[in-house]
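Only one structure is covered here, and it is reproduced in the block below.
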Amino acid sequence: MSAPAPSPLAVVDAEPLPRQEEVLTEAALAFVAELHRRFTPRRDELLARRAERRAEIARTSTLDFLPETAAIRADDSWKVAPAPAALNDRRVEITGPTDRKMTINALNSGARVWLADFEDASAPTWENVVLGQLNLIDAYTRSIDFTDPRSGKSYALKPAEELATVVMRPRGWHLEERHLTFEGRPVPGALVDFGLYFFHNAQRLIDLGKGPYFYLPKTESHLEARLWNEIFVFAQDYVGIPQGTVRATVLIETITAAYEMEEILYELRDHAAGLNAGRWDYLFSIVKNFRDGGAKFVLPDRNAVTMTAPFMRAYTELLVRTCHKRGAHAIGGMAAFIPSRKDAEVNKVAFEKVKADKDREAGDGFDGSWVAHPDLVPIAMASFDAVLGEKPNQKDRLREDVSVAAGDLIAIDSLDAKPTYDGLRNAVQVGIRYIEAWLRGLGAVAIFNLMEDAATAEISRSQIWQWINAGVVFENGEAATPELARKVAAEELAAIRAEIGEDAFTAGKWQQAHDLLLHVSLDADYADFLTLPAYEQLVG
């Protein structure tokens with residue numbers, strides 16, 4: 001007797017979208033269903049393992065390199081697969097969500113790579129999830145254009161040889177996609193994003209001389225990287241493309257992953273393209289994991305934690321050394337500045353800071369770096385051109401001078417800075433403004449001339465939580481308390497109301513954002529991810 005056919009994926013609680021049938025084809029949904037059936041059980045086990053590891057850190061207040069994988073680190077013979085031609089030169093990468101205008105602008109930006117983001121720069125409304133996939137399909141078939149309804153300005157793609165190579169970022173393992181269910185259970189958002197993109201575009205990208213390339217977010221261990229590798233192997237066989245066609249760059253944006261960089265590359269070695277150093281999620285992860293570790297783990301204001309802080313230098317230099325030892329690209333952090341159309345002096349100061357940051361990264365051995373705005377592409381490009389010249393990368397710089405001990409990565413108290421009252425106010429300001437936009441379906445938001453994404457909100461609420469629970473006293477003598485946070489939040493909400501006017505305030509989601517920020521900042525039970533309770537409130 002033959003086995004019954006698996007239940008199909010069901011699309012639930014979703015209004016029909018234009019052209020959704022081009023994305024949600026029967027064959028594509030069958031592929032996602034098979035990914036879910038095969039791999040979600042292991043994903044669930046790995047999420048449980050995260051909680052166990054966090055409990056162990058709470059007991060010990062320390063981390064170390066893994067003794068059980070010492071042989072992998074000691075074996076100098078293995079390397080990751082050579083980079084494909086389309087990913088060999090990554091000196092500037094632009095990031096952003098996959099709305100239609102951004103898709104065209106990012107591809108046209110002059111950057112070598114576009115991180116097409118379904119994760120932190122995208123609020124996962126069903127419209128963003130499905131139409132983002134459609135926009136990428138249209139880009140690859142060169143059937144994409146856009147006319148801004150307000151300005152009347154039209155946007156179209158440049159010639160193919162001038163376009164950035166796409167590296168797509170799916171959601172992290174922790175998020176579900178409530179609009180797609182299998183036997184009544186939501187499918188992990190990561191499998192939805194990866195599955196739809198891979199199924200529709202893998203062969204199309206090969207035909208264009210590129211391939212299905214991915215950024216893997218919020219990885220916490222080499223075992224999570226192993227799961228992704230198993231998914232890649234299965235997916236390539238499923239659609240009939242050669243093994244090793246998929247390439248993945250892993251964001252080292254959790255403190256636990258920083259201790260497993262070599263092992264992560266090893267698990268993905270046939271599909272690995274490199275590692276990336278991402279600041280805000282990394283700091284958020286430090287707070288999350290060491291939140292009950294006492295005063296020595298208390299971070300100062302987020303803007304005081306630059307990449308030159310000793311524990312951040314340890315992290316980035318170890319990343320470069322690890323990548324180059326194994327033949328992988330090392331990609332640096334984000335320049336988040338958004339140029340002002342009105343204030344040339346603000347731009348001048350910011351551009352100088354961006355240049356200094358990118359000069360440092362290129363000098364340290366990174367092979368490329370991120371920017372959030374097309375105007376920053378030439379600045380970052382100049383920094384890397386000055387070091388690379390005609391070379392596509394500097395993987396030959398092995399950085400054998402770098403030596404990082406386990407304690408160096410968590411030496412938070414090596415930074416000579418303290419939390420300030422203005423830092424608390426900024427965390428509240430940015431947190432409310434970002435969450436309000438996210439609840440309206442916007443994941444990448446310009447706030448105070450910086451492009452902010454979900455990692456911004458995570459570090460904002462984490463710092464408020466940490467400072468209150470650590471009993472921080474600010475320089476003005478005020479203690480960080482729930483009452484002070486509520487007072488500052490009320491003042492900021494009133495200031496926003498006065499700034500934008502009563503009609504705009506009422507039409508927005510300001511009170512809801514204020515309440516959610518305070519909930520995740522003041523609740524004794526620290527939420528693993530702000531986006532989990534926020535997703536319950538996201539309409540669409």
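Scope of the values below: all heavy atoms of this structure, side chains included, with no hydrogens, waters or symmetry mates. Quantities reported herein were computed from a predicted structural model and do not represent experimental measurements.
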- Query: About how many Å separate CG of Asp292 and CZ of Phe297, when rounded to the nearest 0.5 Å?
  - Reply: 10.0 Å

- When you look at Gln537 and Lys509, which way does the side chain to side chain contact (heavy atoms under 4.5 Å, CB included) test go after all the steps? CA-CA 11 Å; Gln537 298 184 29; Lys509 296 183 180 290; over 6 Å; no

- Heavy-atom donor-acceptor pair, Asn128 side chain to Pro124 backbone, under 3.5 Å: no

- Compute the ring centroids of Phe232 and Phe198, then answer whether they are less than 6.0 Å apart. no

- Donor-acceptor pair, side chain of Glu452 and main chain of Ala457, under 3.5 angstrom: no

- Query: Do any N or O atoms from the side chain of Tyr434 and from the backbone of Gly443 form a donor-acceptor pair under 3.5 angstrom?
  - Reply: yes

- Query: Would you say Thr322's side chain and Glu262's backbone share a donor-acceptor pair under 3.5 angstrom?
  - Reply: no

- Message: Against the six-membered ring of Tyr266, is Arg269 placed for a cation-pi contact (under 6.0 Å from the centre, within 45° of the normal)?
- Response: yes

- Message: If we ignore hydrogens and angles and just use 3.5 Å, is the side chain of Ser285 paired with the main-chain N or O of Asp281 as donor and acceptor?
- Response: no

- Task: Determine, stepwise, if the pair Ile144 / Tyr155 fulfils side chain to side chain contact (heavy atoms under 4.5 Å, CB included).
- Result: CA-CA 9 Å; Ile144 191 171; Tyr155 299 81; over 6 Å; no

- Glu26 atom CD, neighbour heavy-atom count above 12 within 6.0 Å: no

- Message: Strictly distance-based, threshold 3.5 Å: is any side-chain N or O of Asp367 a donor or acceptor partner for the main-chain N or O of Ala330?
- Response: yes

- Taking atom CD1 of Ile252 and atom CD1 of Ile331, what is their separation to the nearest 0.5 Å? 12.5 Å

- Item | Option from His36, Arg38, Arg42 for which side-chain hydrogen bond (donor to acceptor under 3.5 Å, both in side chains) with Thr40 holds | His36

- Item | Any donor-acceptor pair under 3.5 Å from Gln20 side chain to Pro16 backbone | no

- Message: I'd like to know if the side chain of Glu458 and the backbone of Leu530 have a donor-acceptor N/O pair within less than 3.5 Å.
- Response: yes

- Message: Would the distance check show the side chain of Arg321 and the main-chain N or O of Leu318 forming a donor-acceptor pair, the cut-off being under 3.5 Å?
- Response: no

- Would you say the side chain of Leu268 lies within less than 4.5 Å of the side chain of Leu216, judging by non-hydrogen atoms? yes

- Message: Are there over 12 heavy-atom neighbours, none belonging to Gln512, within less than 6.0 Å of that residue's CD?
- Response: yes

- Query: In this structure, which one of Arg50, Arg43, Arg49 forms a salt bridge (charged side-chain N to carboxylate O under 4.0 Å, His left out) with Glu224?
  - Reply: Arg50

- Aromatic rings Phe31 and Phe234: how do their planes relate, parallel, tilted or perpendicular, breaks at 30° and 60°? parallel

- ring-ring contact (aromatic ring centres under 6.0 Å, His included) test vs Tyr197 passes for just one of Tyr215, Phe214, Phe118, namely Phe214

- What is the ring orientation for Phe529 with His174, classed by angle as parallel under 30°, tilted 30 to 60°, or perpendicular over 60°? parallel

- Item | N/O donor-acceptor pair under 3.5 Å between Gln236 side chain and Gly244 backbone | yes

- Message: For Arg169, run the side-chain hydrogen bond (donor to acceptor under 3.5 Å, both in side chains) check against Asp117, Asp193, Thr95, Thr98 and tell me which one passes.
- Response: Asp117

- Query: Within 45° of the axis and under 6.0 Å from the centre of the six-membered ring of Tyr526, does NZ or CZ of Arg461 qualify?
  - Reply: yes

- Arg90: which of Thr165, Thr249, Asn276 passes side-chain hydrogen bond (donor to acceptor under 3.5 Å, both in side chains): Thr249

